Protein chains: 2
Amino acid sequence: MNDLADPTEEETGPDEAAYTLDRKAMTAILYAVDVGDRDQLVALLEPLHAADIADMLEQMNAYDRRRLVELYDKEFDGEILSELNEGVRDEIIQYLNPEVLKEAVRELDSDDVVDLVEYLEEPQQEAILEALEIADRVAVEQALTYPEESAGRLMQREVVAVPEFWTVGQTIDMMREREDLPEQFYHVILVDPKMRPVAHVTLGKLMASPRKTALSEITEPGFRTIPALQDEGDVAYAFNQYHIISAPVVDEDDRLVGVITIDDAMIVLDLEHEEDILRLAGVGEGSLNDRFTETVKQRLPWLAVNLCTAILSASVISLFEDAIAKVVALAVLMPIVASMGGNAGTQGLTVAVRAIATKDLTGANVWRVIRREAAVGVVNGLSFALIMGIIAFVWFGSPVLGAVIGAAMIVNLFVAAIAGTVVPVVLNWLKVDPALASGTFVTTVTDVVGFFSFLGFAVLVLL
Amino acid sequence: MNDLADPTEEETGPDEAAYTLDRKAMTAILYAVDVGDRDQLVALLEPLHAADIADMLEQMNAYDRRRLVELYDKEFDGEILSELNEGVRDEIIQYLNPEVLKEAVRELDSDDVVDLVEYLEEPQQEAILEALEIADRVAVEQALTYPEESAGRLMQREVVAVPEFWTVGQTIDMMREREDLPEQFYHVILVDPKMRPVAHVTLGKLMASPRKTALSEITEPGFRTIPALQDEGDVAYAFNQYHIISAPVVDEDDRLVGVITIDDAMIVLDLEHEEDILRLAGVGEGSLNDRFTETVKQRLPWLAVNLCTAILSASVISLFEDAIAKVVALAVLMPIVASMGGNAGTQGLTVAVRAIATKDLTGANVWRVIRREAAVGVVNGLSFALIMGIIAFVWFGSPVLGAVIGAAMIVNLFVAAIAGTVVPVVLNWLKVDPALASGTFVTTVTDVVGFFSFLGFAVLVLL
């Protein structure tokens, strides 16, 4: 985050940037919970946005959270539920008064209910679905027939569509009469007699045009539809790439089934990024608000994988035990070669993983990128070979040792550069998320090559 | 990325996901450039979105890019320029026919022109500003008076604002008469006599309400304004947190100066994430499309920092040269302890850096988070101490060696857990971007502590 920013930030201290829940508010709320003062609690939470109440609940410990939810009781609304992260939400659903839960869910739009129930266990899901009116329930159940993380799950089913031959006046009259207009919509969709979307008109244009204008004369350029089965990540990419505000979703026969708006796409984009960052660091689906046991469970597997690769590297070292016993300086210097390779590899793989995600690294330029990265690796390798060679020479008074570490540095940074690009590309080609596994592969390669090249050259030259 | 997705993806092979420019299209375009067939080039590019043309230009080598731009000539429009990343854009501006450049810039909205010129050198900036009509030029120059990466630079100046006491009918009539309505707008802003925004009405509500309805009766709840000096990262956060579609921007006297829409906020969110990911990996502002020399320049500094920290760790090892000479197994095992600490630390710091960025880690919960991470560190430490202790015992036949590596593992994973959370929190508190520097700090700590504790315990127990 940048800190040019908000002047108020300076005044309230470095800890409380704009939009951060401040500690005072939190303390007052916790006090109300402690003394069981329901009116005070309601008064304190009333001015807050549901998203901020959700954040606050996530930041509390589980004990305070439960007491707050139970005290807040009937005031707890559906908006807060849909803003919560999954772990905390599941927890709260369990001890929310069932009547309050039903009431809360009834207020929500169908796409928010889908979001709420899609990962719940069968009985909990059933309980929530039963609370819905029959029309909403059908809508939610239909959405659940689409695959997880597809456009069909993301879309809202409430659309504003009119025949393609209508005029501005007809459209406005229809909208004044219709009572179930969606809460938020930005386009009127033009459909053909088979309900296939053919174009759309912005509300702004509609509003600014005379009543007798044909809608077909004021349609927007660059109209796109989204297949209901498309992955939500690709949907988010398209919204961001083409600056789409809202787009109709169609089934296999190109018929209109719903609409996705940019605010939902933005949330997906945010989650996908989050996922990429955490996966690059070997943290499954981590969040600060997970319980202790979940956190341990998320982190252990990758540490276990790392233990295996570290043992692999150690066994490479053990091949050279005799050499190390004779020249202990080798043990001192060898981690430097591995560390530099690991860092260079991580730089390259991060750029490659991002470029794959943003579709900037494709079949069209992959060879050029690999050649370029290899060249960068050689230049970096030569630079650090020179620097580290001189340092080793001065440190241990051995020009040969300097030459050995220099040569190993060139080899390892070259290999790191190649591996940093090739590993994510190959994983992506194999349909494995490159963010998830590239790091382990690449650092294993750079550790093994680093130790092997340095100790190997040493054996050839020094002994 | 997930691959449920688009059925067409399966058919075209794993390399060409939805929206990826396929290799065939690229080949055809490059062929047209090779033979200098302008008509063919124009015909091939015509159906493409400006964003896709920009991506394609970024994926080409500089030689092809120049030939394409020169052949495309008059058809090159402003949209493509605003979709390009900075490096390639600056390059193209240099060899674009000045007349074509002027024409291209004239088509753009004022906020896109600001985006285009803000990082250009003085003479180039001047050339582009001169191409603009006087009103646009004034708008751009005013925007440039706001700090870099502020709401003032991000906003568009074209707004639709009406007196707060107007009716739906008056508003619609005004819009039909006005000729300079913005291309995209989603709300009509109600202002008081001093031009201070007091509320807004969605176009959907406006459209669905009878003409005599007062605007003040159909305003949206949760109305927010954005200070012009606010950091664009905080703006993007607010749009995402509160699901804002568009919001008025105000000056220090709360007067309306512009409006920011969600599509611009989404681009900022995307860039901030990109920045965070790359910084976590120690890559400055890298992109795959940077030139060779820029890439080297971006990567060298962090590798140099890493060399210094690696030498620091090596000097810790050199304190124990005698011990290693006597028990070479120490040299074999020591990288395992350091590597496990580095991994555990990176996991923790990534979660913490993300939580700081999303404002989930604040003064209100920092102590609880640190305690929780420390506990996770101890549990992970105990688990891997046991496993690695047994492995070392079996490998080298020494129970004492097993105990030594186990103890060092506990110490290092505990320290890694603390450092992984404390380092980013402290850096943030010092107003240093935690994404930028945490990794180096944390891995230095885990390397030093890893080597020191393992070799130190060994000296105490084994020798």
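The structure presented is a predicted model; accordingly, all values stated were derived computationally and were not measured.
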So which of [options] has the biggest tally of heavy-atom pairs under 4.5 Å with chain A?
options	result
G439(B), A236(B), A281(B)	A281(B)
I277(B), V296(B), T346(B), D263(B)	I277(B)
T261(B), T350(B), I262(B)	I262(B)
I317(B), D447(B), V332(B)	V332(B)

Measuring heavy-atom distances to chain A, does [X] have an atom under 4.5 Å in its side chain, in its backbone, in both, or in neither?
X	result
N61(B)	both
S313(B)	neither
P210(B)	backbone
A50(B)	neither
V379(B)	side chain
E83(B)	side chain
T309(B)	neither
I244(B)	neither
A435(B)	neither
F451(B)	side chain
I391(B)	side chain

What distance separates [X] [atom1] from [Y] [atom2], expressed to the nearest 0.5 Å?
X	Y	atom1	atom2	value
L269(A)	N240(B)	CG	CG	9.0 Å
F384(B)	L303(A)	CZ	CG	4.5 Å
Q59(A)	D360(B)	CD	CG	6.0 Å
M56(A)	N365(B)	CE	CG	12.0 Å
L206(B)	L206(A)	CG	CG	11.0 Å
D270(A)	F239(B)	CG	CZ	14.5 Å

Counterpart residues, side chain to side chain donor-acceptor pair (under 3.5 Å), relative to S339(A) (two or more places apart): N306(B)
So which residue, [options], ends up with the most heavy-atom pairs under 4.5 Å with chain B?
options	result
P182(A), S383(A), G222(A), S209(A)	S209(A)
E252(A), M175(A), M207(A)	M207(A)
L300(A), I324(A), I172(A)	L300(A)
T202(A), I267(A), T293(A)	I267(A)

Could you go through E272(A) and H273(B), starting from their C-alpha distance and side-chain angles, then the distance that decides it, and tell me whether this counts as side-chain hydrogen bond (donor to acceptor under 3.5 Å, both in side chains)? CA-CA 10 Å; E272(A) 296 259 325; H273(B) 273 120; over 6 Å; no
Got E274(B) and T358(A) here, is their nearest side-chain heavy-atom distance under 4.5 Å? yes
Below 4.5 Å, heavy atoms only, C-beta onward: do R299(A) and V351(B) meet side chain to side chain? yes
Trace of the side-chain contact (heavy atoms from CB on, under 4.5 Å) decision for D55(A) with K359(B): CA-CA 9 Å; D55(A) 281 355; K359(B) 308 190 200 298; 5.9 Å; no
Residues I245(A), Q184(B); criterion side-chain contact (heavy atoms from CB on, under 4.5 Å); working and verdict: CA-CA 9 Å; I245(A) 297 299; Q184(B) 298 274 359; 4.1 Å; yes
Between A51(A) and Q241(B), which heavy-atom pair has the shortest distance, and what is it? CB-O, 3.3 Å
Candidate pair M388(B) and I311(A), rule side-chain contact (heavy atoms from CB on, under 4.5 Å), full reasoning: CA-CA 9 Å; M388(B) 196 55 224; I311(A) 290 173; 4.0 Å; yes
Using side-chain contact (heavy atoms from CB on, under 4.5 Å) as the criterion, list what pairs up with A208(B), not counting sequence neighbours. L181(A)
Segment of A265(A) engaging chain B (4.5 angstrom heavy-atom cut-off): both
Determine, stepwise, if the pair L203(B) / Y186(A) fulfils side-chain contact (heavy atoms from CB on, under 4.5 Å). CA-CA 8 Å; L203(B) 295 186; Y186(A) 314 102; over 6 Å; no
Quick one: does any side-chain atom of R368(B) pair with a main-chain N or O of M60(A) as donor and acceptor, under 3.5 Å? yes
Check: Q347(A) side chain, G282(B) main-chain N or O, donor-acceptor pair, under 3.5 Å: yes
